[in-house]
Amino acid sequence: MHVKFIELNYLCIHNLNSIMEQKIRECCVDAVKELFGEKIAPELIGFEKTKKEIEGDFTVVVFPLVRYSRKSPEQTATEIGDYLIKNLPGISSFGVIKGFLNLVMTESFWFDFLYTEFGDPSFGVFPARNDKPVVLEYSSPNTNKPLHLGHIRNNLLGYSISLILEANGFDVHKVNLVNDRGIHICKSLVAYMKWGKGETPESSGMKGDHLVGSYYVLFEKHYREEIQSLTGKGMTEDEAAGAADLIGEAQEVLRQWEAKDPDILHLWRTMNDWAYQGFDTTYKQLGVEFDKVYYESDTYLLGKQLVQEGLESGILYSKADGSIWIDLQEEGLDEKLLLRTDGTSVYMTQDLGTAEQRFETYHPSRMIYVVGNEQLYHFDVLKKVLKKLGNPASETLFHLSYGMVELPEGKMKSREGKVIDADDLMDEMVQTAEETTLELGKVDDFSAEKSAALFYMIGMGALKYFILKIDPKRNMLFDPKESIDFNGNTGPFIQYTHARIQSLLKKAKETGSWMLDAGPAKRETRNAKSESSILKPESSTLEPRPSTLIPSEREILRLLYQYPTVVKQAGEELSPALIANYVYELVKEYNQFYQEVPVLREEDPKKLRFRLALSAFTGSVIRKGMALLGIAVPDRM
RNA sequence: GGCCCCAUAGUUCAAGGGAUAGAAUGGAAGUUUCCUAAACUUUAGAUCCAGGUUCGAGUCCUGGUGGGGCUACCA
């Protein structure tokens, strides 16, 4: 099914069990030794999520142990359970169903957990590793096309993964490599020179990247027409494509560009600047950022040196026409061109160069490339070429290949105009958020500014969550109708729950028995100091412990306890989807609790305060988790 | 043609080799003198086919069927 991320072992996150699970595991190993006289590997002790309808907080799978106990699964589980109760504090009882040992933790275990962790800003944020950095490339746009839905997935994934890795203590460098040169860029230049009439973003009122993109489209339109008229005169499609005057002009412009023709360079810079300004706006709206932006026009010559060295050492070979190749047949691939007959570099040459450059600049433990799965072959080749050349960058290179975004009517095809534009999409989402919110009459007392901020938060939350909740590796279907839905498993649903919690806390504060320190909600992965919702009861009962925990409270605590482990796992698998699904589960559970259990209306002050603390902690984890997805949550909506 | 990926309710997604395969949406039926109904409850509904490995398979292996991607001196 899915490719396991074995290659990611370098991350050394590995231990994907919670602290309690680790303790249980160790104790189980002791139990097996004590009871059955066998020393077993800790990995043999597996955990399973405790099913909801079964009582228990942790579940040990004992099937693998029966060969050591030589007893029935039930008997084995029972004996180990007895041993655990005697030897591991915090376990109050256990139940055995088949080969599953369901451990029930004491209530004080859960209270201790709640009160030690919920005010701790670093909950779910792991300390910095004194390790080599990670370089993460994402976005990588093309200056002749505005960003579309596919880029949105790329950008959201890349940015979220950077946050997740940071939460796991990694030093992450986010880089962007802009494709700003090549024959396709020259097409836009040609079109502008022919038909542009000096149009600018200001004069046309168009966003820069869209303006540039429109000339690319214009070129393609005329080019197709020319090809059509040539095929009408008896040429084949291929002949016509090569013989058309327009493509000739574009090729000429490329030659001039490479020869540093001042006029061409000037126009090229002008149009690229328009595109960059447009991209910046889109990135800002998306909420993504980079530590460093590379331009292919600066890097495209890199790699030639590597190829030259490879040729000299005999690893590469040249053909009669002067082109340079690598033979990867032993590696199960093909022969691959690395330098053209005319000595110019191809995509691969350039990527070899940037890989080395990056490696030398950062000395990273890993270089992650967030690039669509249509380039699996390219990265396979890249890694193998580097390896064959004996370049250490090869070992650190990892292609995070994500699936394509498809539309209900099929694939997006930019040439046919079948694309969803990033800016349009974001605008629509925000607008829908506005309409829905106004319809529900939620913000009648909001200022215009506050409302606008909320609509943006909700619209973008919906979009981001819709995309990030899906396993990155999988192709996904983007149905605009569904994406704009704010009910069910959606971003706004989660935001709404957070808002309700904040509303509870605010009211609790107003009643006077609670003090709430509301700090600014910042990027918590980076700046763990800013924790809002620290609850300070005025009474001497700092840690109210009601006599019993009801099932929904226990379930919420159980989920909260899992959060750091989920962050780890998401870091290991480079999957924001794990965070998204976790937060959803937590929110669903909380909503049930909210619906069925009184909080402010509770008369027992111990229960009331405990539930407020539980709510505050839940709210904080919702916010942290969503922050890792790049999604903000409101206090009111 | 060769190589790679995918296949789970009508639909879109979950499920570390482990319990009765979970959600959402859509369908049906309910919940508001009460902390925000963008919520909650109940209900019907699924592992493409055929073999194999295993105490145990949606998950691993083989073969089929159906979809997608790659296979440029494009990037």
Side-chain angles (χ1 to χ4, degrees), chain A residues 1-4 16-17 46-54 59 61-64 66-67 73 97-100 102 140 142 179 181-185 296 319 321-325 332-334 337-342 344-348 350-351 372-378 380 401 403-404 406 408 411 433 436-437 439-440 442 458 462 466 469-471 473-479 482-483 485-490 492-497 499-508 569 573 577-578 581 584-585 588 591-592 594-602 611-612 615 636-637:
Chain A
M1 204 172 153
H2 299 147
V3 183
K4 293 271 182 202
L16 293 179
N17 293 104
F47 293 91
E48 197 50 37
K49 269 184 225 154
T50 311
K51 297 214 120 196
K52 240 181 157 178
E53 59 274 20
I54 290 166
T59 295
V61 183
V62 300
F63 288 110
V66 296
R67 51 186 289 220
I97 300 171
K98 295 186 195 167
F100 299 94
N102 299 302
S140 319
N142 192 311
N179 176 221
R181 63 162 285 282
I183 187 72
H184 48 290
I185 309 293
E296 218 183 281
K319 289 193 174 175
D321 59 11
S323 57
I324 299 178
W325 297 71
L333 302 178
D334 224 333
L337 176 96
L338 295 182
L339 224 49
R340 292 194 188 97
T341 308
D342 62 6
T344 57
S345 38
V346 290
Y347 182 44
M348 186 62 68
Q350 190 260 152
D351 254 359
N373 65 11
E374 75 273 15
Q375 291 196 37
L376 274 164
Y377 181 70
H378 171 78
D380 199 15
S401 98
M404 327 211 64
E406 284 160 22
K411 270 168 295 183
T436 309
T437 306
E439 215 170 280
L440 292 168
K442 298 275 188 180
I458 296 173
F466 188 84
K469 73 176 173 185
I470 294 161
D471 182 340
K473 297 190 289 298
R474 297 178 61 103
N475 287 1
M476 64 169 284
L477 185 109
F478 187 90
D479 187 341
E482 272 185 48
S483 71
D485 194 349
F486 295 164
N487 300 320
N489 187 358
T490 65
F493 167 72
I494 292 165
Q495 291 172 318
Y496 176 65
T497 306
R500 272 170 147 190
I501 290 173
Q502 296 315 313
S503 169
L504 264 189
L505 299 176
K506 187 165 168 259
K507 284 195 174 146
Q569 203 181 343
E573 296 186 20
L578 296 176
N581 290 329
Y584 175 65
E585 218 180 317
K588 218 176 137 42
N591 268 330
Q592 213 179 98
Y594 180 91
Q595 197 82 19
E596 290 164 7
V597 182
V599 179
L600 295 177
R601 295 192 310 264
E602 173 59 50
R611 284 173 191 165
L612 280 172
S615 299
R636 263 196 64 188
M637 70 181 270

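Heavy-atom basis, side chains included; hydrogens, waters and symmetry copies ignored. Just so it is clear: chains get the letters A, B, ... in the order the sequence lines come, proteins before strands, and each one is counted from 1. Computed from a predicted structure; not experimentally measured.
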Undergrad: Determine the contact category for A/Met476: base if any of its heavy atoms lies under 4.0 Å from a base atom, sugar-phosphate if only primed atoms, P, OP1 or OP2 are that close, otherwise nothing.
TA: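 Sugar-phosphate only.
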Undergrad: What dot-bracket string describes RNA chain B from 5' to 3', counting Watson-Crick and G-U wobble pairs whose defining distances are under 3.5 Å, with [ ] for crossing pairs and | for pairs to another strand?
TA: (((((((..((((....[...)))).(((((.......)))))....(((((..]....))))))))))))....
Undergrad: Record whether the side chain of A/Thr341 comes under 3.5 Å of the base of B/rC73 through a donor-acceptor pair of N or O atoms.
TA: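 For A/Thr341, whose side chain was compared with the base of B/rC73, there is a donor-acceptor pair (under 3.5 Å).
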Undergrad: Could I get the full list of salt bridge (charged side-chain N to carboxylate O under 4.0 Å, His left out) partners for A/Arg67, not counting sequence neighbours?
TA: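 Result, salt bridge (charged side-chain N to carboxylate O under 4.0 Å, His left out) vs A/Arg67: none returned.
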Undergrad: Under 4.0 Å, heavy atoms only, any strand: does A/Pro64 hit a base, just the sugar-phosphate, or nothing?
TA: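 Touches a base.
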Undergrad: A/Val346 near the nucleic acid: base, sugar-phosphate alone, or nothing, with a heavy-atom cut-off under 4.0 Å?
TA: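 Touches sugar-phosphate only.
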Undergrad: Identify whether any heavy atom of A/Thr59 sits under 4.0 Å from a base atom; if not, whether one sits that close to sugar-phosphate; answer base, sugar-phosphate or nothing.
TA: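 Base contact.
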Undergrad: Looking at every strand, decide which applies to A/Phe486 at a 4.0 Å heavy-atom threshold: base, sugar-phosphate, or nothing.
TA: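 If one applies the 4.0 Å heavy-atom cut-off, A/Phe486 turns out to touch a base.
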Undergrad: Quick test of the criterion, 5.5 Å between centres and less than 30° between planes. Is A/Phe100 stacked on B/rA19 or not?
TA: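 Stacked: ring centres under 5.5 Å, planes under 30°.
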Undergrad: Name the nucleic acid region contacted by A/Ile54, choosing base, sugar-phosphate or nothing; use a 4.0 angstrom heavy-atom cut-off, strictly under.
TA: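 The residue A/Ile54 makes base contact.
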Undergrad: Looking at B/rA39, does its base get a donor-acceptor pair with the side chain of A/Thr497 below 3.5 Å?
TA: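 Such a pair does not exist between side chain and base.
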Undergrad: NA contact type, A/Leu440, heavy-atom cut-off 4.0 Å: base, sugar-phosphate, or nothing?
TA: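 A/Leu440: base contact, heavy atoms under 4.0 Å.
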Undergrad: When you compare the protein's N or O atoms with those of nucleotides 22-24 of chain B, which come within less than 3.5 Å of each other, and at what distance?
TA:
unit_1	atom_1	unit_2	atom_2	d
B/rA23	O2'	A/Tyr584	OH	2.9
B/rA24	OP1	A/Lys588	NZ	3.0

